[in-house]
Structures are given as structure tokens and as C-alpha cells.
Number of protein chains: 2
Amino acid sequence: MTDALLRKLGSFCPFNPKDAALLAGITVDHHTVGAHEDIIREGEVPRDVHLITSGFAIRYKNLADGTRQIFAYLLPGDFCDLHVFILDKMDHGIATLSPCSVVDIPRDTILRLTERPAIARALWWATLVDESTLREALVNIGRRRAEERVGHFLCELLVRLEVVGLVSDNRFELPLTQAELADTMGLSTVHINRVLQFLRGQKFITFDRKSLAVLDVDGLKRFSGFDPNYLHLAPYRTKPVMTPS
Amino acid sequence: MTDALLRKLGSFCPFNPKDAALLAGITVDHHTVGAHEDIIREGEVPRDVHLITSGFAIRYKNLADGTRQIFAYLLPGDFCDLHVFILDKMDHGIATLSPCSVVDIPRDTILRLTERPAIARALWWATLVDESTLREALVNIGRRRAEERVGHFLCELLVRLEVVGLVSDNRFELPLTQAELADTMGLSTVHINRVLQFLRGQKFITFDRKSLAVLDVDGLKRFSGFDPNYLHLAPYRTKPVMTPS
DNA sequence: CGACTAGTTGAGTAAGCTCAAAGCCCGTGG
DNA sequence: CCACGGGCTTTGAGCTTACTCAACTAGTCG
């Protein structure tokens with residue numbers, strides 16, 4: 001697997017060899033976290049910045065009434081908590097969905113990296129895209145009906161995973177239960193089940209054994225009102241499609 | 001009116017006189033924008049950073065089906081778009097709700113400001129709090145019932161406006177129509193109307209002629225599951241209550 | 001072969017929506 | 001000073017979406 005971080009940040013702006021080497025250097029020392037474990041809990045004061053290099057993780061918050069809301073999906077190449085430097089303590093938790101490779105990056109390393117202007121810009125860009133993605137999630141939950149909502153979410157994952165080379169033939173691994181999908185979309189698990197049946201019935205997707213295939217990409221995007229604008233992929237970026245066909 | 005920006009950023013970390021003077025300096029040159037006008041439209045490439053010094057503004061996005069989602073409220077002391085530096089173009093619009101005083105800050109000025117470490121940290125903090133606020137909005141819409149949702153929103157405004165000194169006796173100006181509230185909460189205007197009646201009936205609030213009073217602050221916070229943690233107000237901060245009593 | 005987890009189905013319910021009409025407030029102009 | 005108009009709020013009624021509860025099925029793993 002190529003380095004997801006480099007692919008992702010490089011999709012914003014290609015790096016010169018020195019910067020690329022610096023970035024590649026930080027991902028050497030990763031360790032593994034099992035599925036469904038916390039990487040950081042709400043209220044903790046994390047010391048390092050965490051970077052996912054493989055697997056899926058989520059940002060989430062548990063509510064008093066026992067429900068949960070998932071805010072964001074952390075895919076390979078995503079930082080969990082560039083916040084660390086400023087905020088007192090975590091206002092939400094981060095947990096793995098599947099087994100993950102995680103790199104713990106000391107603050108000092110980040111500070112050293114951000115002395116390189118291209119890298120600093122790329123990290124800044126990444127956090128802005130995270131924020132933009134969060135806004136789109138709000139639109140999604142606030143203003144789209146369940147079927148479009150789930151469709152939109154799947155379109156987003158497709159695009160984001162394409163960037164880091166984890167899609168082939170419009171198919172990707174999605175280690176998600178329907179209950180987790182429900183906590184993401186603000187719906188009940190029963191309703192998620194019915195929405196998935198609808199999306200399958202429309203021949204938009206298949207989803208079986210944690211593997212999701214988008215059968216009709218344009219159709220699903222149209223149906224869901226998906227416009228990838230908010231992901232701010234650089235316009236000059238060459239589309240990193242892996243479809244062999 | 002004291003300078004909202006200084007109050008807000010200072011609530012994170014007090015500034016030394018030099019930094020305070022620098023920050024105060026940027027707000028001298030403001031101009032007025034009428035109610036219900038765009039400050040920046042989606043798709044535009046803004047040149048300056050905008051700072052609200054008085055009035056209410058919103059971040060929003062219009063959907064294809066004619067609906068609208070409001071993401072965030074920009075209150076006095078809030079920056080609209082520190083994004084400017086990195087992202088190609090706006091992925092959402094910013095509009096006034098009431099007449100606003102706005103300062104256009106050239107990029108260079110921001111760059112000069114961020115050479116001062118305390119100021120750079122404070123701006124970084126402000127954007128992180130924005131992001132955290134967005135996450136809470138997602139929880140709110142995704143997982144709370146309509147009554148709690150609106151209650152939570154009002155609690156947030158109360159706290160944020162207290163920080164900048166715009167609350168007295170738990171009362172503040174809220175230049176919002178019910179339709180705008182609906183676009184914020186992901187509800188219909190009819191339902192917002194009924195929710196407001198409920199909150200009035202419970203003696204939690206009064207809301208008349210764009211003036212909102214929270215009659216039972218603790219009660220409303222408890223009812224709505226409001227925990228101000230996510231606003232990351234500094235722990236050592238002296239509560240800037242204005243209640244004369 | 002249990003036991004557990006995840007997915008599926010049905011039936012009844014409730015939260016919130018739509019449509020439509022009416023009332024209220026306030027500014028404007030006669 | 002009053003009539004008019006427009007925007008906002010309120011109300012009612014019927015409908016839709018999504019929820020809850022409960023049971024049942026299908027894999028999976030020891």
C-alpha cells in the first residue's frame with residue numbers, strides 16, 4: 001500500500017522530494033489498534049497527534065440518553081487531532097471501527113514539519129477540509145431525507161477513498177454495522193436497514209460482508225444531490241482512479 | 001460597547017498590552033452591511049478576512065430543492081473566513097441577519113498578527129472552537145428531539161453572547177424569524193412555532209419582538225442536555241456576567 | 001452444537017411535515 | 001389618522017417519515 005498521507009496531502013499540492021521524504025518519515029513507527037477500541041476518549045488530554053495509516057476510525061460523542069452521534073470518519077491518511085496543541089481536553093472520543101494502524105506523532109515532530117511552508121499549508125488545508133466535510137454532514141442530516149442522506153454519505157466515502165487508492169472498480173471495504181451507520185446518519189437501525197434495501201433495489205449499490213460496491217455512481221450522485229465541491233480536491237489534480245477495466 | 005473581539009479572544013487567554021493594542025487596531029475601519037445581505041456568496045474567492053463587530057450573521061448553504069441549511073451563527077467578535085488563505089473558493093455563503101458592522105482585514109494584516117504567538121494561538125483556538133461548535137450542532141440535529149434541539153441552541157447563544165457582553169439579565173436581542181430558526185434546526189417553520197410555544201409554556205423562555213429572555217437558565221440547560229464544554233471557555237476565565245440584579 | 005452478533009421483517013405509533021387559512025404587527029401612503 | 005399591504009406568526013387537519021418494540025433469521029466462532 002502506498003502512503004495514504006502522501007497521496008492525500010499530495011492531492012492538494014504536490015510536494016518536493018525533501019518535503020515528501022519528511023512526511024514519509026513520520027509514518028514509519030506505527031502500531032496496531034484492534035477493532036472497536038478507543039484511540040482517545042472524551043475528556044482526555046492527549047499528548048501526541050494520531051495519524052491513521054490503515055483502517056477506519058470515527059469521531060463520536062455519547063449522549064446522556066445512551067444514544068451516540070458519529071461526526072466524522074477517519075480514513076487512512078487522516079489526522080485524528082491536530083487540535084492537541086490548543087484545546088484543553090478532548091470534547092469527543094475517537095474509536096476504531098476496524099483494526100487500524102496508528103502513528104503517534106509527538107508535538108515536536110509536528111512543529112518541525114510545519115516549519116516547511118508547503119507542509120504547513122497542506123495540514124492547514126486538511127483541517128479546513130475536515131471542517132467543510134462536517135458542514136456537509138450537517139446539511140445531510142438537517143435537510144436530506146433518509147435515502148438521499150445515506151446515498152450522499154456513501155458517495156463521499158467513495159470519493160475520499162479513491163483519493164487514497166482504496167477503491168477499485170467502484171468497490172471498497174466498509175467495515176460498518178447498520179447500527180453504526182444509524183449513529184452516523186441520525187436514524188434508527190431499523191430504518192437504515194430499509195434504506196439500504198431501497199438503495200439496493202434501485203441498483204445503486206450492493207453491500208455485503210462489509211464490502212460496498214457502487215453500481216451506478218452517476219445515478220447515486222444525482223439521486224443524493226452529491227457535489228464533491230466541499231472536499232476541495234485541487235482542480236489540477238489528476239484523477240487517481242484505479243479502475244483497471 | 002467594548003471590543004467584542006478582544007473580549008472573546010481574551011476569554012481564551014489574556015493578552016499583553018502590545019498584543020491587545022494590535023488586535024484593537026484592526027477593528028477601527030469597519031463598514032456597515034444591511035440586514036439580509038450577503039457578505040460572501042458561495043463560489044466566490046474572497047480577498048479579505050471578514051470580522052463581525054456588531055450584528056448577527058450566518059453561514060449557510062442553499063440546496064438544489066430550494067431548502068437552506070444554516071450551519072453557524074457569527075456573532076460580534078467572530079471571523080467569517082479565516083479559510084481564505086488556503087481554499088480555492090467559498091463552499092458556502094455568509095449573510096447578515098441584522099445590520100452588521102464588518103471589518104475587511106487584508107491577508108497581510110492577518111499574517112502580521114499571527115507573527116505574535118499569543119495572537120496566533122488565539123486565532124487557532126477560535127477556529128477550533130468553531131469546529132467544535134459545528135460538531136455540537138450535528139449532535140443537536142442528529143440526536144435531539146425538536147424541543148431540546150431549539151433549547152440547546154438558545155443556551156449556546158446565551159453563553160456565547162455573554163462572553164462578548166451582549167446579555168443582560170439573561171436577555172438578548174435575537175434578530176431571527178421562525179423561518180430562519182427552522183433552517184438552523186432542520187425543522188419546518190410550523191414546527192418551530194409549536195416548539196417555541198412549548199418552551200414558552202414551560203416558562204423556559206420568552207421571545208417577543210426579536211428579544212429573547214431565558215427565564216430559567218438551569219432548567220433550560222438541564223432540559224436540553226446543554227453542557228458548555230464544547231465551547232472550550234478557559235477554566236480560569238472570570239465569568240463576565242452583566243446581571244446588575 | 002449452542003451462543004452471540006448482525007440483519008431482516010411486521011405492526012403499531014409518534015414526531016414532524018405540508019397545505020391552507022387566518023390573525024397580527026408595523027410601516028407606508030393617502 | 002386611518003386604510004392598506006406585506007411579512008411574520010399562529011392554528012387546524014391530514015399525511016408521511018421515521019421510530020419503537022418484538023420476533024425471527026442468518027451467519028460466525030468457539
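Keep in mind the model is a prediction, meaning the values are calculated, not measured. All chains are named by letter (A, B, ...) in the order of the sequence lines, taking the proteins before the strands, and each is independently numbered beginning at 1.
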B/Leu196 atom CG is separated from C/dG16 atom P, nearest whole Å, by 14 Å
Check your understanding: If only atom types and distance count, is the side chain of A/Ser211 paired as donor or acceptor with the main-chain N or O of A/Asp208 below 3.5 Å?
Key -> no
Rounded to whole Å, CD1 of A/Ile141 lies from C1' of D/dT17 at a distance of 16 Å
Can you tell me if B/Gln197 touches the phosphate of D/dT11, counting only side-chain N or O atoms and a distance under 4.0 Å to OP1 or OP2? yes
The nucleotide from C/dC17, D/dT20, D/dA18 with an atom nearest the side chain of A/Ala146 is D/dA18
Comparing nearest nucleotides in DNA chain C, the 5'-proximal residue of the pair A/His36, A/Val190 is A/His36
Would you state whether a donor and an acceptor, one from the side chain of A/Arg194 and one from the base of C/dG10, lie under 3.5 Å apart?
yes
Side-chain heavy-atom pair A/His232, A/Ser132 within 4.5 angstrom cut-off: yes
Rounded to whole Å, CD1 of A/Ile192 lies from P of D/dC19 at a distance of 8 Å
_Heavy atoms only, 4.0 Å cut-off, all strands: where does A/Leu187 land among base, sugar-phosphate and nothing?_
sugar-phosphate
Rounded to whole Å, the CZ-C1' distance (A/Phe207 to C/dG7) equals 11 Å
Considering only heavy side-chain atoms of A/Arg209, the closest of C/dT9, D/dG12, D/dT28 is D/dT28
Whole-Å distance, A/His191 NE2 to C/dA15 C1', equals 13 Å
Looking only at C/dG16, C/dC19, C/dC25, the nucleotide nearest the B/Glu147 side chain is C/dG16
I want to check something: taking the side chain as every heavy atom from C-beta on, are A/Asn229 and B/Lys89 in contact at a cut-off of under 4.5 Å? yes
What I'd like to find out is whether the side chain of A/Leu158 reaches to under 4.5 Å of the side chain of A/Phe172, using heavy atoms alone. yes
Looking at side-chain heavy atoms only, is the closest gap between A/Leu157 and A/Val159 below 4.5 Å? no
Practice task
Check whether any side-chain nitrogen or oxygen of A/Arg145 sits under 4.0 Å from OP1 or OP2 of C/dC17, and answer yes or no.
Solution key: no
Open item on the list: Does D/dT10 have its OP1 or OP2 closer than 4.0 Å to a side-chain nitrogen or oxygen of B/Asn193?
Closed with: yes
Is there a side-chain polar atom (N or O) of B/Arg200 under 4.0 Å from OP1 or OP2 of D/dT10?
yes
Separation of C/dT5 atom P from A/Leu176 atom CG, nearest Å, is 18 Å
Query raised in the report: Using a cut-off of less than 4.0 Å, is there contact between a side-chain N or O of A/Gln178 and OP1 or OP2 of C/dT8?
Result: yes
Taken to the nearest whole Å, CZ/B/Arg143 to C1'/C/dA15 is 15 Å
Rounded to whole Å, the CG-C1' distance (B/Asp208 to D/dC8) equals 12 Å
**Asked** Checking all strands, does A/Thr177 fall into the base, sugar-phosphate, or nothing category for heavy-atom contacts under 4.0 angstrom?
**Response** sugar-phosphate
